Amino acid sequence: MSQRKARPAKHENVPALVREYVDAGKYLDTRHAFDRMVERRITLPEALYVLRRGYHEKRKDEFKEEHNAWTYAMRGKTVDKRELRVCVSFDKSGMLIITTIDLDAKD
């Protein structure tokens, strides 16, 4: 019988932690994030701008069982006023940019 790992605790001050990692350059954009940025015409500087200046959208946080890690949602406006959500996670190497969403896009 396999035992489930205990869920790690959520980080307390996500906006401060995100800014710390962005400012230190300790972030990686995942392949998924890169593909979504290209598809949604979001640049890395726009995503980083939202990560630095946005707010933590707590209700959008998710626990990813397959990675045993929390994904946190940051939301904010770019310089040209596009509303974005940028989802990140943390591991031993730093902060991972998981995906980006243009909330102003019309489907």
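Values reported hereafter were calculated over all heavy atoms of this structure, with side chains retained and with hydrogens, waters and symmetry mates removed. Being a predicted model, the structure only gives us computed values, none of them experimental.
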Asks: Measuring from Lys10:NZ to Asp61:CG, what's the distance to the nearest 0.5 Å?
Replies: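 Rounded to the nearest 0.5 Å, the NZ-CG separation comes to 3.5 Å.
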
Asks: Can you give me the closest heavy-atom contact between Arg82 and Asp104, atom names plus distance?
Replies: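 The answer is CA-OD2, 3.4 Å.
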
Asks: Decide yes or no for Arg36 and Ile101: does some side-chain heavy atom of the first lie under 4.5 Å from some side-chain heavy atom of the second?
Replies: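 No - every pair of side-chain heavy atoms lies 4.5 Å or more apart.
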
Asks: Could you pull out the closest heavy-atom pair between Lys60 and Ala73, with the gap in Å?
Replies: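 So the minimum-distance heavy-atom pair works out to CB-CB, 3.5 Å.
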
Asks: Please list all pairs meeting ring-ring contact (aromatic ring centres under 6.0 Å, His included) that have one or both residues in residues 30-54, counting only residues at least two apart or in different chains.
Replies: none

Asks: List the residues meeting side-chain contact (heavy atoms from CB on, under 4.5 Å) with Ala69, not counting sequence neighbours, and say none if there are none.
Replies: His67, Ser89

Asks: Where do Asp80 and Glu46 come nearest, in terms of heavy atoms and distance?
Replies: OD1-OE2, 4.0 Å

Asks: My understanding is that only residues two or more places apart in sequence, or in another chain, count here; which of them pass salt bridge (Lys or Arg N to Asp or Glu O under 4.0 Å) with Arg85?
Replies: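 For Arg85, the residues satisfying salt bridge (Lys or Arg N to Asp or Glu O under 4.0 Å) (neighbours in sequence not counted) are Glu57.
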
Asks: Report the hydrophobic cluster partners of Leu96, with the cluster defined as I, L, V, M, F, W, Y residues connected by side-chain heavy atoms closer than 4.5 angstrom, directly or transitively.
Replies: Leu28, Ile98

Asks: Other than Phe63, what residues sit in its cluster of Ile, Leu, Val, Met, Phe, Trp and Tyr side chains whose heavy atoms are under 4.5 Å apart, directly or through others?
Replies: Val14, Leu17, Val18, Tyr21, Val22, Tyr27, Met37, Ile42, Leu44, Leu48, Val50, Leu51, Trp70, Tyr72, Met74, Leu84, Val86, Val88, Phe90, Met95, Ile97

Asks: List in chain and number order the residues that pass side-chain contact (heavy atoms from CB on, under 4.5 Å) with Asp35, two or more places apart in sequence or in another chain; answer none if no residue qualifies.
Replies: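 Arg31.
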
Asks: Testing the basics here: between Pro8 and Asn68, what is the closest heavy-atom pair and its distance to 0.1 Å?
Replies: CG-O, 3.5 Å

Asks: Identify the heavy atoms of Arg52 and Arg19 that sit nearest to each other, and give their distance.
Replies: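 So the two residues come closest at O-CD, 3.1 Å.
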
Asks: Is it the case that atom CD in Glu12 sees more than 12 heavy atoms from other parts of the structure closer than 6.0 Å?
Replies: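 For Glu12, atom CD is not crowded (no more than 12 foreign heavy atoms under 6.0 Å).
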
Asks: Counting C-beta onward and ignoring hydrogens, is there a side-chain heavy-atom pair between Glu20 and Asn13 closer than 4.5 Å?
Replies: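 Side-chain contact under 4.5 Å: no.
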
Asks: List the atom of Lys26, the atom of Ser93, and the distance in Å for their closest heavy-atom pair.
Replies: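 For Lys26 and Ser93, the tightest heavy-atom pair comes out as CE-O, 4.5 Å.
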
